[in-house]
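What follows is a single structure, written as C-alpha cells, with notes after it.
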Amino acid sequence: MDFNDTPEEAKFRSEVREWLAANARPRDPNNAKAGVSTKSEAERLVRAKEWQAKKADAGYAAITWPTEYGGLGGTSIQSVIYSQEEANYDVPRGFFEIGLGMCIPTMMKWATPEQNERYVKPALFGEEVWCQLFSEPAAGSDVAGLRTKCERDGDDWIINGQKVWTSGAHFCDYGIIVTRSDPTVPKHKGLTFFFLDMKTPGIEIRPIKQISGGAGFNEVFFNDVRVPDSQRLGDVGEGWKVSLTTLMNERLAIGGGSGVDYEELLKLARETELEEGPAIKDANVREKLADWYVQSQGLKYTKFRTLTALSKGQVPGAESSIGKIVSGPKMQDLGSFAMDIQGQGGILQDTDESPMGAAFQNQWLGAAGYRIAGGTDEILRNIVSEQVLGLPQDIRVDKNVPFNELASSAKK
Amino acid sequence: MDFNDTPEEAKFRSEVREWLAANARPRDPNNAKAGVSTKSEAERLVRAKEWQAKKADAGYAAITWPTEYGGLGGTSIQSVIYSQEEANYDVPRGFFEIGLGMCIPTMMKWATPEQNERYVKPALFGEEVWCQLFSEPAAGSDVAGLRTKCERDGDDWIINGQKVWTSGAHFCDYGIIVTRSDPTVPKHKGLTFFFLDMKTPGIEIRPIKQISGGAGFNEVFFNDVRVPDSQRLGDVGEGWKVSLTTLMNERLAIGGGSGVDYEELLKLARETELEEGPAIKDANVREKLADWYVQSQGLKYTKFRTLTALSKGQVPGAESSIGKIVSGPKMQDLGSFAMDIQGQGGILQDTDESPMGAAFQNQWLGAAGYRIAGGTDEILRNIVSEQVLGLPQDIRVDKNVPFNELASSAKK
Amino acid sequence: MNFDFSDDQKMLKDQARKFLEDKCSYGDVRTVLESDASHHDDIWQGLCDLGFTGAAIPEEYGGLGLGALELCVIAEELGRSAAPVPFSSSIYMAAEAIKIGGSESLKQAWLPKLASGEIIGTLAAAEGPAAPTPRNTKTSFANGKLTGRKLPVPDGETASVAIVLANTGGTGEQAVSLVVVDLTQDGVTRSSVETIDPTRGHAEISFDNVDASLLGVTGEGWALMKRVEAGAAVLVAFEQVGGTEAALHMAKDYSLDRYAFGRQIGSYQAIKHKLADMYVKLELARSNAYYGAMVLAQEGADLELAAASARISATEAYRFAAQECIQVHGGIGFTWEANPQFHYRRSKLLALSLGSASRWKNRLVSELEKSNVA
Amino acid sequence: MNFDFSDDQKMLKDQARKFLEDKCSYGDVRTVLESDASHHDDIWQGLCDLGFTGAAIPEEYGGLGLGALELCVIAEELGRSAAPVPFSSSIYMAAEAIKIGGSESLKQAWLPKLASGEIIGTLAAAEGPAAPTPRNTKTSFANGKLTGRKLPVPDGETASVAIVLANTGGTGEQAVSLVVVDLTQDGVTRSSVETIDPTRGHAEISFDNVDASLLGVTGEGWALMKRVEAGAAVLVAFEQVGGTEAALHMAKDYSLDRYAFGRQIGSYQAIKHKLADMYVKLELARSNAYYGAMVLAQEGADLELAAASARISATEAYRFAAQECIQVHGGIGFTWEANPQFHYRRSKLLALSLGSASRWKNRLVSELEKSNVA
C-alpha cells in the first residue's frame, strides 16, 4: 500500500513534467486559492485557446482518445497524471471541459466520419468551443421532460423553445441539443438530437445571474432555428439514447468541490476572538474542524482508491459518485459556521473588511447553487441508492404515457 | 398572555385538588424520575384497579365522556387539568389507557346499546381491561395490509392468524380486533372488525422481548378462535372504517417522550471529568445542552399552545403532532451523547456503577424502539406533510388491486 | 391557560400583514436589493404612519403606549415579508435601549422622534469580524467624547442617533459602557459596507472625538447591552418565525406547482420530509418565541433564558427553512431573479445580528447553571 | 498509485471471512448474548488456530511476522460478523503495547502466549464512567507493586495479563506509567460487569498490592498509551468499517424483502436516501481507514492524525448505519429475537472503547495545530 507510481506511470509523469516545465509557468504556491483572474473573459478565452493548441500539439489535450482523433491512445490514469501535474502550473482552465468531455465524445459516437473529420480536431485544438443544450426551465432533474420542439421542414428541422443552464453558450461556436420531435409518444421515445452552429439565426443567448452574483450560465432561446437534417445525431425519436452518451460522460466529469475548507477555517479560528477567548480553543469549533477535516480526507483518499483502480486498468467503482453529495453541504455548512465565528461582522461581504476576502461568505452563497447544479443532493442519493445499492426506482408514472398527456405544471 | 386558569378552570382544579388530597398519596418530589415500581405487575394491576374504581366513582375516570356512560360530560381542558393534578400524586398508571382511550370509544360508536351497557362501565371502573389487536408482522406502518383472516361459520366467525405489539394482552379481559374477511377485494375493502373475550379458546399470548430487555408487548396467535357475529362492530367489509375510529383516538393519545433529559445531562456534565476538565466547561457539551433544552422547552410550550386552544373550546391544531418526531431522536441522541461524556465507562449498564442507575444507557437502548412504536419517524413525517401541509400522498399502487394480488414479501 | 395573543393583538397583526402584503412584495424588496438604497423609504414611512414604530413607546414620549406583545406581532409580519426597513435597529435596539437605560432627558430627547419615525436610531457594538466583547472594544469614551470605529452598524448610513458600546476604562465586564451619540455632528464619518443582505443597509462609522452622553451608569454597559439584546432577541425571533413560515410556504407552493417525472415534486418523500422538518422547527420556534414574548411583556426574571431559547430555536428554524427553500426550488432557486434568496440572505443576517447561535447557547447554559434546575 | 491491499492480504481477508461466515453467524453471537460467557470460545480457538492472533507478532516470538495491514483485513471481518472474541484486547492492545514498549524479557514472557492464543491479554485504563486521564488515574504503582481498581476492563474476566495505566507519582502527563500485570496472582480480584454489549465481556478488576512490571519508562505511560491507542484506533476502525457494511447490507436486504402499501420499502425515498447516506459514510470511513492502515504499516510520523481520522470517520459511519438499520427494520428491528441489535450494541461499544469521538476530535485538531497546515 503506497501512493507511488508504477514504473510506467513514473515515466509518463516525468515526460509530462518536462513538457510542462518547458511550456508553462509554475503556479505561485502562495496564491494557491486566490484563483480569480482579473482578466476579462474574452482575454482569458484567447489565452486558453493558445494553450489548448499547444497542449493538443503535444498530444496532451485528449490523452485517452484514439490517435486518429488527435488523442494519445493513453490510459485513464495517464490522463489523471497529466491533470495532477498541470495543476501545478498557471494555465487557463474552464473553456473546453464540456466540449471535449461531453459534446465531442457524443459526436465521435454518433456523427458521420466526415463530420468528425471536420469538427473533432478544431475542438481539440481549441479553435472551436462547444456547449451542451439539455436542461430546460421545466426539465431539470427530469431532463427527458424537455419541451423544446423540432419540426421537420424539407431537409431541415425547425427548432423552437428554450434551454437553460448552458455554460458558456455566449462564447461557444457549436452546441449539441436534444429536442422533442413527437409529443404524442411516451417522453423518452419522442426525442431527437442535433448538433448546431451557435451563430444560426434565431438563437438568442441571455446570461443567468445567480444569487452569488456569478453569471457563467445562460438561457438560450430558439425562435424558428433551422438545422439541416444532416446534423441530426442518431435516428428520429432516438434522441434519449444519444443523450445518454453525453450524460454518461457528465457523470465522470463531476468532481469534488473546491473552495475554502478546513485549512482556511483553522486559520480563521486561530485569528478570531470569541466571547470566551480564541476560537481555536473552543471545543465546538474544534469538533467542527475535525469533522470537516475527516470529510475532506475521506474524499481525498476515496479519490486515491479510484486512481488505484484506474492504475490497475480497472473501471472505478461507484465510490467516486459520493464526492458531490458530501462536498455540497460541507461547503455550505463550513461557510456558514465560519461566518458565525465572525459574529455580527460575519455578514460583511466587503473583500477588504471580511477575512480572506469574504471567501466564506461567497462560498456560503455559492454553495446553495452547488448543491443543485449538475444533480441535486436528492437526485444524487437516488443514483447511489439505485445504481450502487440496487434499490428499486421510485414508482414511475411517466413511463408509458404520451408526453402530451402527462401531468405538468403548465397543464394544471 | 399567561399560564393562568380561567375562573371556571380554577374552580374545577381546586375541586380536583381537594379530591386527590383526600384520596391519594402525594408523589415524593425527590423520587420524581426513579419511577419504576418494585412491585410485580400483578400486584400493580390490583392496585390500579382499586384506584380506577375510586376515580370512576368520583367521575374523574372519563371526564369528557357523557354522563350516561359514567363520564362527567366535561371538557378536554378539564381532562388535562385532572391529569396535571394527578401527576403530583403517587397513583398507579399504565393499565387502562388503551382500553379507555381507544377500545371503549370505538365500542361506544359501533356497538349496540346493550353491549355498551354491558361493557363500558366495567371498563371504566377498572373491573375489565381491554387491548387492541391491530398490528401484524407483515402489517406495521401499513396496518391495512393485515392478513389475520376471519371466516363465517353459521352465527360465528372463525379467526386465524397472528397479531403483534399488543400491549398488555396477557392481563386483558377483552380486545378489539380487525381481520380480513375478503382477500379478493382491495385491501381496505375486505376487513371486518370484532371485539372478543381474550380468554376465548385458541388464543395464545407470548411476550415480545425488546432489545432494551422490556417486554410490555405481546404476540397474540389465533388458532380457530370462534367469535359470535353479534360481536362484530360495523358491517362485514367495513372494518377499516371502524379502525379509523380507533386510530383517530390513538393519534390524540401519542404524547411527547419521557425519560432523562437536559436536566440529567446538566447534572452529569457537572459531575464528570473530560480529558480537558469538567464536562460542563466544554463548549461542545454546552452547545448540545442548549439544543436539547430548547427542544424540550419548545415541546413544552407547544403543548401549552394546544392547551390554550382546548381552554378556548377549540380543536387543537396539528402542532400537537410534532412531539414524537422531535423527542424520539432526541432521546436517542441525548442518551448516546451522555454515554460519550462518560468515556470508556459509558458502556457500563450496571445500575450501581453507571451514573443515575444507567438511565442514559437504558434510554439509548429504548429510544431505538420509541422511534418506531406508534408510528415511525418516517410515517410521522408523512402524516405532517400530508395532513398538516397538504402535500400529496405518495403514489399508491395498492389502492385498486385485490389484496391477494398485491406484491408482498410472502408472495415474491 | 391563555398562552396566545389577544384578539386586539391579532387584529394589529392582521393590519401589519395587510399593509405589508400590499406595499412590501418581494418585488418591492428587490428594488432595495438592486439599488444603493439602505432601505425602502415608502414602506418605512407607511409603517411609521401606522404608528408601528411607536407601538411600544409610552404615550408621554409620543408612542402608542402598547407593550412588547404588540411589537412581537408586528415583528412577525416584518419577518414574513423580509421588509427592507430599519425597524429593528431603530426600535428593538435604539428605542428599547433608551427606554430601559436612559435618563429622563435622554428619553425626552430621542424617544418622540424615534416613535414617529422622524429619525432612525441604531446600536453599534461590533468592531469588525469578531464577537464584540468588553475585552476587544477599542472605541473609547472619556470626558464626554467618543473616539473609535464601529463595523458593521445596521442602518448606519441613515441613522441619526446611535447607542454605542465604548470602553470607559474599567476592567472585565466593567470596562464598557453604552453611550448615546448624535450621528449628525461633525467628526462622525460613515460609509456603507457590502454585506450578504443588501436589502438591509449597513455602514462603517468612525467617531473622531465626538460628543456623546452616557446611557445608564459607567461600567454597566455590558449588562445593559445584554438586557437590550435579550429583548431584541425575542423580537428578532418573531421576525425569524415570520420568515421561516414564509420560506416554508414558498417551498411548499413550489413543490405543488413543479412536476418531475410526471408527478408534483411535493409527492416525493425527500421533499415531503424536508417540508415536515421545516414545519417541526417552525412550531418549536414559535412556541419558544411565545414564551419569550410573555416573559418580555411581564418583565420576568428569566428573560435571559427565555430570550436565548427563542433566539436559538428561531435561528435554527429560519436557517433550515431558507436554505432548503432554495434546494426545493432546484435550479431556479439560486437565480437572482427568483425570490428564495431574500430569505436565505435575511436568515443569515438575523442569525448574526445579535451574535451567533453558539454565543447564545453559551449564554443559555450559563443561566441554566445559575438556576438550580439540576 | 497503489492505495489498496495486496492480493495476499485480500486472500487472508477471504480466509477470515469464510471462517467467520461459517463459525460466527448471528446465531453464534447470540449464544454469548444470552449466556454469562465472556466470549465464544470455539470461535476464539478457531481464530487462534488459523494463526490470526499471531499475524502481526514477529516470528521470534511465535507469530507469523506479518504486519499491520494483515491485522487490518482480519479486523474488518471480525467487525463484519460482530465476533464475540477478545481479539482486540489481546492483540490490538496488550500484544501491541508489549511489542512497542516492552523490554526483551517482557516480549519473551508474553508475546508467544498471546500469539498462540494460549492466554488472553487486555489493557486497563478507565476507572469508572469518566475519561481516563493522568489527573484522575488513582491506581498507583510503586516499588514493583500495583494497587487500585479498574473498570470497565475488556475481557477482564478471562485475561491472564493486563497492561495497566497507573499513577507513578510525577506531575501532569508524566504522572502515569504503563505496567504489565499477571492477572492470575493473588491480590487480583475480578467480577464481571453489565454493559450495553454483553457479547463482549467486561469486568471490574481490583489490584491489592500485586506484582507488576514497568512497560517502557516511568512517567512516559501517557505517551505510550496514546501510541498504542492510535494503532488500535486504526484496527478498530476496520472493525467499524466491517460492521458498517454488515449493517448496511442487513438494512438493504430487509428493505428489499419488506413490503408496505404494495411496494418494497426500499423503493421509498426516505429509505433509499437513508441507505445512500450509510453508503457515503461507509466509503469515507473506508478511505480514511485505508490511510490509517498505510501510515500504521509504514510507522509514519502522522499516525496520530491518520488514526484519529480513521476512528472519527468509522465511528460516525457505524453509529449511523447500526442505528438506522434498526429504524429500517421497523417493529421487528428492536426485538430481542432480531439481529440488528448486535450492531447497535457493538457500534456503541467500539465508539467508546478508546474514548469518545469528541476526545479524538480534540486530539486531531491538536495535531493540526502542530503541523503547519494553516
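Chain letters run A, B, ... following the sequence lines, proteins first and then strands; every chain starts at 1.
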Just verifying a value: how many Å separate [X] [atom1] and [Y] [atom2], rounded to the nearest 0.5 Å?
| X | Y | atom1 | atom2 | value |
| --- | --- | --- | --- | --- |
| D:Arg345 | B:Leu365 | CZ | CG | 5.0 Å |
| B:Trp364 | D:Gln323 | CH2 | CD | 9.0 Å |
| D:Arg359 | B:Glu276 | CZ | CD | 10.0 Å |
| D:Glu337 | B:Ile208 | CD | CD1 | 7.5 Å |
| D:Thr335 | B:Ile211 | OG1 | CD1 | 8.5 Å |
| B:Asp377 | D:Gln327 | CG | CD | 4.5 Å |

### Query
Would you call D:Arg135 and B:Glu273 a salt bridge, taking side-chain N to carboxylate O under 4.0 Å as the test?
yes

Atom group of [X] that falls short of 4.5 Å from chain D, counting heavy atoms:
| X | answer |
| --- | --- |
| B:Ala279 | neither |
| B:Gln332 | side chain |
| B:Ile347 | both |
| B:Lys399 | neither |

Could you check which of [options] has the highest count of heavy-atom pairs closer than 4.5 Å to chain D?
| options | result |
| --- | --- |
| B:Pro137, B:Ala358, B:Ser135, B:Ser354 | B:Pro137 |
| B:Ala373, B:Gly145, B:Ala138, B:Gly140 | B:Ala138 |
| B:Leu274, B:Asp394, B:Asp352 | B:Asp394 |

### Query
What do the steps show when you test B:Leu406 against D:Tyr259 for side-chain contact (heavy atoms from CB on, under 4.5 Å), and what is the final call?
CA-CA 10 Å; B:Leu406 274 181; D:Tyr259 282 70; over 6 Å; no

Mind listing the closest non-hydrogen atom pair of [X] and [Y] along with its distance?
| X | Y | result |
| --- | --- | --- |
| D:Arg263 | B:Val397 | CG-CG2, 3.5 Å |
| B:Glu353 | D:Leu151 | OE1-CD2, 3.1 Å |
| B:Asp142 | D:Ala260 | OD2-C, 3.7 Å |
| B:Arg371 | D:Lys274 | NH2-NZ, 4.3 Å |
| D:Trp336 | B:Gln210 | CE3-O, 3.6 Å |

### Task
Might you confirm whether atom NZ of B:Lys189 has over 12 heavy atoms from other residues, nucleotides or ligands at distances under 6.0 Å?
no

### Query
With sequence neighbours left out, what residues match D:Asp253 under side-chain hydrogen bond (donor to acceptor under 3.5 Å, both in side chains)?
none

Between side-chain atoms of residues 333-344 of chain B and protein atoms elsewhere (two or more places apart, or another chain), which donor-acceptor pairs fall under 3.5 Å?
from: B:Ser336; atom 1: OG; to: D:Lys348; atom 2: NZ; distance (Å): 2.6
from: B:Asp340; atom 1: OD1; to: D:Lys348; atom 2: NZ; distance (Å): 2.8
from: B:Gln342; atom 1: OE1; to: B:Gln361; atom 2: NE2; distance (Å): 3.1
from: B:Gln342; atom 1: NE2; to: B:Ala338; atom 2: O; distance (Å): 3.3

### Message
Quick check against the 3.5 Å criterion: does B:Asp350 have a side-chain atom that pairs as donor or acceptor with the backbone of D:Val193?
### Response
no

### Query
Is there a donor-acceptor pair under 3.5 Å between the side chain of B:Arg396 and the backbone N or O of D:Gly262?
no

### Message
Side chains of B:Glu275 and D:Asn362 only: does a donor on one sit below 3.5 Å from an acceptor on the other?
### Response
no

What part of [X] gets closer than 4.5 Å to chain B, counting heavy atoms only: side chain, backbone, both or neither?
| X | value |
| --- | --- |
| D:Ile332 | backbone |
| D:Thr195 | both |
| D:Glu127 | neither |
| D:His329 | neither |

### Query
Yes or no on side-chain contact (heavy atoms from CB on, under 4.5 Å) for D:Ile326 and B:Ile372, after CA distance, side-chain angles and deciding distance?
CA-CA 9 Å; D:Ile326 292 182; B:Ile372 293 165; 3.9 Å; yes

### Query
Is the closest side-chain heavy-atom distance between B:Lys187 and D:Phe261 below 4.5 Å?
yes

### Task
Carefully, step by step, assess B:Trp165 and D:Phe334 under the rule ring-ring contact (aromatic ring centres under 6.0 Å, His included).
CA-CA 11 Å; B:Trp165 304 118; D:Phe334 65 95; 5.0 Å; yes

